[in-house]
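Heads up: the structure comes next, in structure tokens.
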Amino acid sequence: KAGVTQTPRYLIKTRGQQVTLSCSPISGHRSVSWYQQTPGQGLQFLFEYFSETQRNKGNFPGRFSGRQFSNSRSEMNVSTLELGDSALYLCASSRRTGGYEQYFGPGTRLTVT
Amino acid sequence: GESVGLHLPTLSVQEGDNSIINCAYSNSASDYFIWYKQESGKGPQFIIDIRSNMDKRQGQRVTVLLNKTVKHLSLQIAATQPGDSAVYFCAEIAVQGAQKLVFGQGTRLTINP
């Protein structure tokens, strides 16, 4: 069974631009959660989608948004990029909502210059 | 606020020795705890979990201990191998409120030959 895939793996953007990251969950998983990982803040929860509905959201500004499609694939978007948005963005999929039994993808490394 | 922290940021052990990684959590409402392993360039990988109605759970070469009285969690790895070198995170999910994974800061485990 294929694991969680994330595209692209690496991305370089300029301040003020916007970016869209993609996540394909494990087949049969309807929950997709997104996390931001930085050396200073560690792993922080961004949001979770389950069956195309946002179930939970972390403490991030409105510049961070996401969506989920009917095939459970998910995208997250960051608008008006700031230098502090440079991070590893991880997505995790699960059959269940709420953070249980999550399988993580390899992440997308975003660098904002 | 929510916080899950680790006592030591780095840990070095000799190959073949046992290692213990500690974690303190502050949310007494948490009822589910997970240990993740993250190798360089990869997303977190599930190691073992434990529910709050248990105080010990064993897996293959790993044991998780939970002390709810002092809100402490530990991961014991027996007979460490070079492949155990990674960053280890504890994470928790609280039953009450919006359920989500809250991660600790992580401990880097290095196995010396």
Side-chain angles (χ1 to χ4, degrees), chain A residues 2-10 21-26 29 31-50 53-60 66 74 87-110, chain B residues 1-10 21-27 29-54 57 59 64 73 86-108:
Chain A
V4 178
T5 57
Q6 293 186 244
T7 57
R9 291 293 312 277
Y10 302 92
L21 311 181
S22 180
C23 172
S24 293
I26 292 171
H29 287 191
S31 166
V32 173
S33 296
W34 288 89
Y35 298 85
Q36 182 195 66
Q37 185 173 26
T38 60
Q41 299 298 317
L43 273 155
Q44 292 189 294
F45 172 79
L46 280 157
F47 29 66
E48 179 192 9
Y49 287 87
F50 185 85
T53 301
Q54 187 179 87
R55 296 298 297 265
N56 198 358
K57 191 175 188 303
N59 297 323
F60 280 83
S74 177
L88 181 68
Y89 289 89
L90 293 156
C91 85
S93 76
S94 174
R95 292 184 186 277
R96 301 176 57 183
T97 187
Y100 298 92
E101 301 169 7
Q102 291 193 339
Y103 293 82
F104 283 80
T108 294
R109 173 72 62 186
L110 172 65
Chain B
E2 304 165 328
S3 69
V4 177
L6 290 168
H7 295 306
L8 297 173
T10 60
I21 301 172
N22 296 303
C23 176
Y25 64 94
S26 61
N27 189 350
S30 292
D31 80 326
Y32 179 65
F33 303 88
I34 314 104
W35 282 100
Y36 283 94
K37 171 186 180 183
Q38 187 174 25
E39 296 174 278
S40 180
K42 297 182 180 180
Q45 177 187 2
F46 172 91
I47 301 173
I48 192 168
D49 59 2
I50 188 168
R51 292 200 173 273
S52 59
N53 60 353
M54 304 171 68
R57 191 169 188 215
V64 55
L73 193 67
V87 177
Y88 289 81
F89 294 94
C90 65
E92 62 178 320
I93 299 175
V95 178
Q96 299 167 1
Q99 293 182 326
K100 62 181 180 181
L101 267 181
V102 176
F103 280 88
Q105 287 297 308
T107 292
R108 180 173 298 281

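Here is the naming used below: chain letters follow the sequence lines, and residue numbers restart at 1 for every chain.
- Both the backbone and the side chain of A:L43 come within less than 4.5 Å of a heavy atom of chain B.
- In this structure, the portion of B:Q38 lying under 4.5 Å from any heavy atom of chain A is its side chain and not its backbone.
- For A:Q102, the parts lying under 4.5 angstrom from a heavy atom of chain B are both the backbone and the side chain.
- Between the side chain of A:S93 and the backbone N or O of A:I26 there is at least one donor-acceptor pair closer than 3.5 Å.
- Taking each heavy atom of B:A86 and B:E39 in turn, the nearest pair found is CB-CG, 4.0 Å.
- Contact annotation for A:Y103: neither backbone nor side-chain heavy atoms come within less than 4.5 Å of a heavy atom of chain B.
- For the options A:G98, A:G105, A:G99, heavy-atom pairs under 4.5 Å to chain B are most numerous at A:G98.
- Formation of a donor-acceptor pair under 3.5 Å by the A:R9 side chain with backbone atoms of A:G107 is found in this model.
- B:N53 CG: more than 12 foreign heavy atoms inside a 6.0 Å radius.
- For A:L110 against A:Y89, the heavy-atom pair with the smallest separation is CD2-CE1, 3.7 Å.
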